[in-house]
Amino acid sequence: VQHDGGNAVCFYTPEMAAAATRRMLLTMHLTHAIERNEMHLVYQPIVDKTGRVVSAEALLRWTHHSLGPVSPGEFIPVAEESGLIVPITDWVLSTAIGQMARWEIEDVLPERVFLNISGQQFLRGNLTVRLTELLADCPALRSRLGLEITEQAAVRDLKVAVRTLGELSALGIQTAIDDFGSGYSSLSYVQQLPVAKLKIDRAFVIDVPENPKSNALVRAAVGMAHGLGLTTVAEGVETEEQRDFLISVGCDMMQGYLFGKPMMPDTLADMVRGQRCV
Ligand code: C2E
Ligand code: CA
Ligand code: CA
Ligand code: CA
C-alpha cells in the first residue's frame, strides 16, 4: 500500500507488480536496442481504389536476443515514458530516409513513405530542424515523406501542433492524423490542424459493413475530411466486403492485411516493381 500525498491510497496487485517489472526490464534492454542492431523497419503498402500501391507506412520492429520479438504496442509506451523515444525516433527517421534514397535509385520508391511520430517527440519542437538536417543531402525526398501523428498528440498542445504542422508542410512533408476517431477530440480541433490526410482507426473499419453505426461513422468521417479538403485512409482493411464498402463511401486510400501485411523493404520494392509491368 502506498500513500500518496496523504489522501490517495493505491493497492498494488501481483499483476501490477509483474507489469512494472516487465516495464523495467524492457526499459533496460531498450537502452541498448539500437547499438545492438535489434531494431528494423517493416513497410506496409497503402493502396488507392484500384489496388495500386501509392504509399507505405514504416512500422518499427524490435527483436531482443532473449526476450524475442516485442510488439511496438508494448515497447513504444515504455520508450515514451523513459525518454528513449527520442533516440529511437531519430533512428527511425534516418533509417527510413536512407531506405527511401536507395528505393529512389532503384526506381521503386512509393509516392509517399509515412513514419509514425509519437506525441512527445512531435511536441518537443525540434522535429523540423532534425528533418531538415537529415534531408539536406536529398532535398527531393521531402515531397516523398509523410508523418503520422495521433489526434490526441495534436490536441494536447494545439498551438505547438499547428506551428509544427505548418513548418512540415512548408518543407513539403505531408502530415496525417493517425487513429482518427479513437480519441475524444472534437471536429473543431481537426479543422484547425493543417494536415493533408486523415487515417480512420481500425476500430471503425473492423465493424463495416455489418454494423450500421460504424458505417455511419466511417461515412461521416470521409465526408467531413473531404469537406475540409483532406484525403482519407482507412486502416486495418482485412476483407473484400470492407474494401467495397469503403470505396462506396468515397474513401481515397486503404491499408490492411487484405493488401499486404507490414513487410521487409525488398518485398515492398518487388510489389511496386511488379505493378509497373502490368
Ligand atoms: P498504428 O500507427 O496505428 O499502426 C497500424 C497498426 O495496425 C500496425 O501495428 C499494423 O501492423 C497493424 N495493422 C495494419 N493492418 C492491419 C490489419 O489489417 N489487421 C490488423 N489486425 N492489424 C493491422 P504494429 O506494427 O504492431 O504497430 C502498433 C503501433 O505501434 C502503431 O499503430 C503505432 O502507434 C506504434 N508504432 C509502430 N512503429 C512506430 C514507430 O516507428 N514510431 C512510433 N512512435 N510508433 C510506432
Ligand atoms: Ca500509424
Ligand atoms: Ca493508426
Ligand atoms: Ca493505432
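Atoms within each ligand, like the ligands themselves, are counted from 1 in listed order. Predicted model, so just to flag it, every value in this text is computed and none were measured. Scope of the values below: all heavy atoms of this structure, side chains included, with no hydrogens, waters or symmetry mates.
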* Heavy atom of S71, distance to ligand 1 below 4.0 Å -> no
* To do: Taking the Ca ion (ligand 2) as the reference point, name the nearest N/O/S atom of E148.
  => OE1
* Select one of side chain, backbone, both or neither to describe which atoms of D178 lie under 4.0 Å from any atom of ligand 1, heavy atoms only. => side chain
* To do: Have a look at D179 and say which of its N, O or S atoms is nearest the Ca ion (ligand 3).
  => OD1
* To do: With atom 18 (O) of ligand 1 as the reference point, say which of F75, W91, W62, Y257 has the nearest heavy atom.
  => Y257
* Region of N116 engaging ligand 1 - heavy atom pairs below 4.0 Å -> both
* Mark yes or no for whether T95, through its side chain, and V92, through its backbone, hold a donor-acceptor pair below 3.5 Å. => no
* **Where ligand 1 meets E238 - atom numbers and elements under 4.0 angstrom, heavy-atom basis** => 17 (C), 18 (O), 19 (N), 20 (C), 21 (N)
* Structure fact -> The residue among E74, H29, E38, H40 that forms side-chain hydrogen bond (donor to acceptor under 3.5 Å, both in side chains) with W62 is E38
* At a 4.0 Å threshold, what atoms of ligand 1 neighbour a non-hydrogen atom of G256? -> 15 (N), 18 (O)
* What do we get for L41 next to ligand 1 when only non-hydrogen atoms under 4.0 Å count, side chain, backbone, both or neither? -> neither
* To do: Indicate the ring-plane relationship of Y43 and W103, choosing parallel, tilted or perpendicular according to the 30° and 60° boundaries.
  => perpendicular
* Between R144 (side chain) and E111 (backbone), is there a donor-acceptor pair under 3.5 Å? -> yes
* Structure fact -> For V237, the ligand 1 atoms with a heavy-atom partner under 4.0 Å come out as 18 (O)
* Output the list of atoms in ligand 1 that are nearer than 4.0 Å to some heavy atom of S118, sorted by atom number. => 44 (N)
* Asked: Going by the atom numbers of ligand 1, which of them fall below 4.0 Å from some non-hydrogen atom of E235?
  -> 3 (O)
* **Salt-bridge contact D179-K199 (side-chain N to carboxylate O under 4.0 Å)** => no
* Does even one non-hydrogen atom of Q255 get within less than 4.0 Å of ligand 1? -> no
* Structure fact -> ligand 1 to E57, heavy atom cutoff 4.0 Å, flagged ligand atoms 2 (O), 4 (O)
* Under 3.5 Å donor-acceptor, N215 side chain and P209 backbone -> yes
* Does CE belonging to M16 count more than 12 external heavy atoms closer than 6.0 Å? -> yes
* When you look for heavy atoms under 4.0 Å from ligand 1, do you find them on the side chain of K261, its backbone, both, or neither? -> neither
* To do: State, to the nearest 10 degrees, the angle whose vertex is the Ca ion (ligand 3) and whose arms point to OD1 of D178 and OE1 of E235.
  => 110°
* To do: Decide whether the shortest distance between a heavy atom of E80 and an atom of ligand 1 is less than 4.0 Å.
  => no
* Consider ligand 1: state whether an atom of it lies below 4.0 angstrom from any non-hydrogen atom of Q121. => no
* Asked: Backbone, side chain, both or neither: what part of K199 comes under 4.0 angstrom of ligand 1, heavy atoms only?
  -> neither
* Kindly say whether G51 contributes a backbone atom to a donor-acceptor pair with the side chain of D48 at under 3.5 angstrom? => yes
* Asked: Could you state the interatomic distance from CD (E167) to OG1 (T132), rounded to the nearest 0.5 Å?
  -> 8.5 Å
* Asked: Can you check whether R202 has an N/O within less than 3.5 Å of an N/O in ligand 1?
  -> yes
* Verify the neighbour count for atom CD of E35: are there more than 12 heavy atoms of other residues, nucleotides or ligands below 6.0 Å? => yes
* To do: State the CD-CD distance between Q44 and E235, to the nearest 0.5 angstrom.
  => 9.0 Å
* Give the numbers and elements of all ligand 1 atoms closer than 4.0 Å to a heavy atom of Q44. => 14 (C), 15 (N)
* Structure fact -> Quick note on ligand 1: atoms under 4.0 Å from a heavy atom of D179 include exactly 3 (O)
* **Short N or O distance, L60 and ligand 1, threshold 3.5 Å exclusive** => yes
* Test of proximity, E148 against ligand 1: N or O pairs below 3.5 Å -> no
* Check each heavy atom of P262 against ligand 1 and say whether those closer than 4.0 Å belong to the side chain, the backbone, both or neither. => side chain
* To do: Mind running side chain to side chain donor-acceptor pair (under 3.5 Å) on K197 and Q174 for me, showing each step along the way?
  => CA-CA 8 Å; K197 281 195 160 63; Q174 208 179 58; 3.0 Å; yes
* Structure fact -> Test side-chain contact (heavy atoms from CB on, under 4.5 Å), reference I173, set T128, L165, L141, L135, output is L135
* Answer yes if the side chains of T232 and D252 hold a donor-acceptor pair under 3.5 Å, and no otherwise. => yes
* To do: Salt-bridge test for E238 and K261: reply yes if a basic N is under 4.0 Å from a carboxylate O, no otherwise.
  => no
* Asked: Name of the E57 N, O or S atom nearest the Ca ion (ligand 2)?
  -> OE2
